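Input: a single structure, listed below in structure tokens.
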Protein chains: 2
Amino acid sequence: MNEKKTAERGYHHGDLRDALIRAADDLMAEKGLEGFTLRETARRAGVSPAAPSHHFGGSPGLLTEVAALGYRELARRLVAASETGSPADRLKAQGVAYVRFALDFPGRFHLMFRHDLLVKEQLSLEQATGQAWDALEKTVLAIRGQSEGAELDAEGEAMLIGIWSTAHGFAHLTLDKKLARIAECDSDDDMLENLFPAIIDTLWVKKLG
Amino acid sequence: MNEKKTAERGYHHGDLRDALIRAADDLMAEKGLEGFTLRETARRAGVSPAAPSHHFGGSPGLLTEVAALGYRELARRLVAASETGSPADRLKAQGVAYVRFALDFPGRFHLMFRHDLLVKEQLSLEQATGQAWDALEKTVLAIRGQSEGAELDAEGEAMLIGIWSTAHGFAHLTLDKKLARIAECDSDDDMLENLFPAIIDTLWVKKLG
DNA sequence: TGAATATCTTTACAGTGTAAAGATTATGCG
DNA sequence: CGCATAATCTTTACACTGTAAAGATATTCA
């Protein structure tokens with residue numbers, strides 16, 4: 001986990017930029033987004049508190065790279081979820097994958113939507129978010145019978161934002177334990193496996209299939 | 001805005017507890033949730049940094065009261081939104097009211113779903129959240145044709161959590177400016193007035209009405 | 001080789017939340 | 001009423017935080 005200290009590794013780290021991103025990501029995986037501090041991240045990388053600023057300009061710069069990492073992983077899962085089945089089935093699978101991602105990586109997920117902590121102009125973030133949304137858009141285009149490069153029509157737009165909002169809200173509410181009061185699910189996994197698909201069915205699939 | 005300082009008001013404040021809640025709420029309305037600090041809140045109330053702890057035990061205790069205040073306002077709006085129309089119309093109106101609340105009070109809204117900042121056992125919070133969810137549940141019971149005191153059936157449960165998740169996700173994504181890339185709306189208000197109802201229609205009303 | 005540059009450290013500063021102990025006022029009881 | 005007790009607020013202090021500025025060290029390239 002911990003990197004070598006200055007004494008054992010010499011003055012220059014060699015791979016500090018990536019090491020800091022990994023350390024920050026690990027830290028958030030352990031203690032959640034609110035457990036993150038720049039100094040602790042530096043400590044774990046075996047480096048002084050001011051070192052990260054040279055590579056990222058400051059805390060938001062580093063966090064943005066971690067968020068980009070999260071969007072890339074999310075995009076990967078969204079693409080994987082849309083490989084089989086009818087367009088409607090694929091959209092449903094992407095919704096499940098979205099929530100699954102949030103439950104697997106709560107720290108990353110929360111970070112990815114905290115625009116007060118991120119530098120939205122940072123290229124890596126723009127590209128990574130683009131990958132994720134493109135994966136959703138592609139599926140909706142298929143449902144609408146539009147060609148791949150086309151602009152979504154109005155109904156498709158509502159569809160995309162609808163599924164996204166539903167999955168996003170469900171993920172947030174589950175992580176915040178707000179649904180326990182209503183649904184009698186044992187675990188978060190249970191909510192994802194059973195409750196969420198039921199909601200999607202009630203909302204979408206009956207209309208589409 | 002600022003309260004009297006110690007010299008002009010004497011040693012005891014007289015109404016410090018409420019004054020601190022108001023100051024914290026004001027501060028968040030101005031600078032957002034991340035602009036809140038306990039010390040600044042104390043400063044605005046004209047009181048020492050350690051004074052709040054006596055009334056609220058600490059920062060989370062105070063924030064919990066602000067969140068409860070938010071839930072009461074939300075409940076008020078949800079009830080008001082469900083006063084006219086068919087059950088399906090009322091649920092839609094409640095969804096719009098939910099998002100409207102989030103756009104009107106971003107600071108409160110974000111706080112209300114940050115369980116890491118709140119003391120969920122605090123009575124005022126439990127009661128206030130109960131009021132809000134009851135307002136939604138009542139409408140869904142009417143849609144399902146169940147009596148007021150009954151437990152929601154499975155489909156009703158999916159319905160309640162569905163509308164809640166969708167409104168919640170839409171509110172979050174709008175506040176985070178994530179939808180700008182897809183929808184060509186001018187303002188957040190535009191999104192609420194036009195886009196969100198269109199989504200609800202696509203999702204719900206066609207099925208219910 | 002030597003100068004320029006990139007990288008990391010040291011030091012310092014203005015913030016933060018809150019624990020502990022002291023000062024002041026209000027309250028309730030004889 | 002008078003006084004002990006409790007409630008309320010202040011002061012002081014501490015361990016944190018992010019980061020700006022300046023110094024130390026290694027790498028790179030002409």
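The structure displayed is predicted, hence computed values, not measured ones. Naming convention: chains lettered A, B, ... in sequence-line order (proteins, then strands); numbering from 1 in each chain.
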Task: Atom of B:F196, atom of B:V96 and distance for their closest heavy-atom approach - done: CE2-N, 3.7 Å

TODO: Verify the contact: side-chain N or O of B:H54 to OP1 or OP2 of D:dT10, cut-off strictly under 4.0 Å; return yes or no.
DONE: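 Negative; the distance criterion is not met.
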
Open item on the list: With a 4.0 Å limit, can you tell me whether A:H55 has a side-chain N or O closer than that to the phosphate oxygens OP1/OP2 of C:dC8?
Closed with: yes

Open item on the list: I need the single residue from B:Y98, B:W133, B:F109 that forms a ring pair (Phe, Tyr, Trp, His ring centres under 6.0 Å) with B:Y71. Which is it?
Closed with: B:W133

Which whole-number value in Å describes the distance from [X] [atom1] to [N] [atom2]?
| X | N | atom1 | atom2 | result |
| --- | --- | --- | --- | --- |
| B:L62 | C:dT18 | CG | P | 10 Å |
| A:D18 | C:dT7 | CG | P | 13 Å |
| B:E34 | D:dT17 | CD | C1' | 15 Å |
| A:F56 | D:dT19 | CZ | C1' | 16 Å |
| A:D15 | D:dT27 | CG | P | 15 Å |
| A:L20 | C:dT9 | CG | P | 10 Å |

Polar atoms only, N or O, under 3.5 Å: list the protein pairs with nucleotides 12-16 of chain C and their distances.
from   : atom 1 : to    : atom 2 : distance (Å)
C:dT16 : OP2    : B:R43 : NH2    : 2.9

TODO: Assess the pair B:H172 and B:H110: is the distance between their ring centroids shorter than 6.0 Å?
DONE: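 Yes.
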
TODO: Would you check if A:I163 and A:I200 make a side-chain contact, meaning some heavy-atom pair closer than 4.5 Å?
DONE: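 SC-SC contact between A:I163 and A:I200 confirmed.
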
TODO: Run the salt-bridge test on B:R100 and B:D189 with the 4.0 Å N-O cut-off and return the result as yes or no.
DONE: yes

TODO: Taking only the side-chain heavy atoms of B:L16 (C-beta and beyond), determine which of C:dC8, D:dC9, D:dT11 contains the nearest atom.
DONE: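 Of the candidates, D:dC9 comes closest.
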
Task: Listed nucleotide nearest any side-chain atom of A:S48, set D:dT11, D:dT19, C:dT9 - done: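 Shortest atom-to-atom distance from the side chain points to C:dT9.
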
Open item on the list: Nearest 0.5 Å, please: how far is CG in A:D188 from OG1 in A:T174?
Closed with: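 A:T174 OG1 to A:D188 CG: 6.0 Å, rounded to 0.5 Å.
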
